[in-house]
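In what follows, chains are A, B, ... by sequence order, proteins preceding strands, each numbered from 1. Note: hydrogens, waters and symmetry copies are ignored here, and every other heavy atom, side chains too, is used.
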Amino acid sequence: MSSRRARSRQSTSSSRITDEQINDLVSKLQAVLPEAHIRGAERVSAAKVLQETCNYIRSLHREVDDLSERLTELLATTEASSAQAAIIRSLLM
Amino acid sequence: MEPKSCSGDGNPSRNLHPSKPLMAANFLRCLSRIQQTATNSSVGSRSRRIRRAAYASMAYSAGHRRAWSWALLRKLRCRRVRPVILPRRPRIARPQVVIEIDRAEVLRKLVPGGTGMDYCRLLEETADYIRCLATQVRLMQTVTDSISS
């Protein structure tokens with residue numbers, strides 16, 4: 001890959017980023033993705049990991065938006081005291 | 001409340017961020033406040049406030065230790081009526097090799113503060129950001145389930 005050649009070319013510069021470091025970071029990133037437990041130690045290409053990461057972040061952002069709306073509706077319709085009780089209950093979980 | 005340290009490995013089997021208790025406390029406090037004060041505002045604005053509280057509690061619990069939370073905090077504080085001036089962190093010069101890695105560009109836009117860091121830093125920050133986000137989502141899901149039951 002041209003980018004890998006470029007990295008080795010640049011490895012003598014002050015940045016000192018090695019391929020090994022990058023692979024290590026990519027595998028750590030792969031470990032936090034949702035299907036990590038299914039894949040186990042199987043190596044996936046860095047490009048695929050990055051793509052899945054982007055998709056996953058977007059889906060998490062959407063979930064935050066949806067849950068915010070859902071929470072708004074619930075808090076609007078639920079009586080204040082029972083909402084407070086439920087909130088305290090979740091703190092204790 | 002002493003913030004838990006953001007170590008790289010916390011609970012790999014559940015992928016929860018180590019500062020979950022702190023995030024929970026922050027978020028629930030914000031929710032409580034929104035619930036009490038927002039009786040006259042529209043549904044849309046309350047939803048935005050909750051969404052903002054979610055990101056704020058994430059950013060506050062990670063604090064200044066992470067570039068993504070730093071960037072999020074700056075973005076959030078700029079929207080306050082009385083802006084608090086945060087000292088500017090020195091921007092790290094991007095080495096030449098980063099410019100050739102185009103596939104990271106999309107990721108840079110998704111992760112707060114992503115445009116100012118080198119590739120290695122970006123990968124590290126992304127992993128932490130994802131763990132925090134996932135924890136926040138689980139937290140919100142738990143609260144939603146609690147209230148609706």
Would you say the side chain of His61(A) lies within less than 4.5 Å of the side chain of Leu133(B), judging by non-hydrogen atoms?
yes
Taking atom OG1 of Thr144(B) and atom CG of Leu74(A), what is their separation to the nearest 0.5 Å?
6.5 Å
Work out which heavy atom in Ser47(B) is nearest to a heavy atom in Ser68(A); give both atom names and the distance.
O-CB, 3.7 Å
For the atom pair CZ (Arg70(A)) and CE (Met140(B)), what is the distance rounded to the nearest 0.5 Å?
11.5 Å
With rounding to the nearest 0.5 angstrom, report the OG1 to CD1 distance, Thr126(B) to Ile57(A).
5.5 Å
dist Arg51(B):CZ -> Asp66(A):CG (nearest 0.5 Å) comes out at 11.0 Å
Does the side chain of Leu31(B) reach to within under 4.5 Å of the side chain of Leu75(A), using non-hydrogen atoms?
yes
Among the listed options Gln141(B), Glu124(B), Gln136(B), the residue most often paired with chain A at heavy-atom distances under 4.5 Å
Gln141(B)
Nearest heavy-atom neighbours spanning Leu71(A) and Val143(B):
CD2-CG1, 3.9 Å
What is the distance from atom CG of Leu25(A) to atom CG of Leu122(B), rounded to the nearest 0.5 Å?
10.0 Å
Roughly how far apart are Leu110(B) CG and Thr53(A) OG1, rounded to 0.5 Å?
10.0 Å
Identify which of Val26(A), Val64(A), Asp24(A) forms the greatest number of heavy-atom pairs closer than 4.5 Å to chain B.
Val64(A)
Might you point out which heavy atoms bring Val137(B) and Leu67(A) nearest each other, and give the distance in Å?
O-CD1, 3.6 Å
Residue among Phe27(B), Tyr129(B), Tyr55(B) with most heavy-atom pairs under 4.5 Å to chain A:
Tyr55(B)
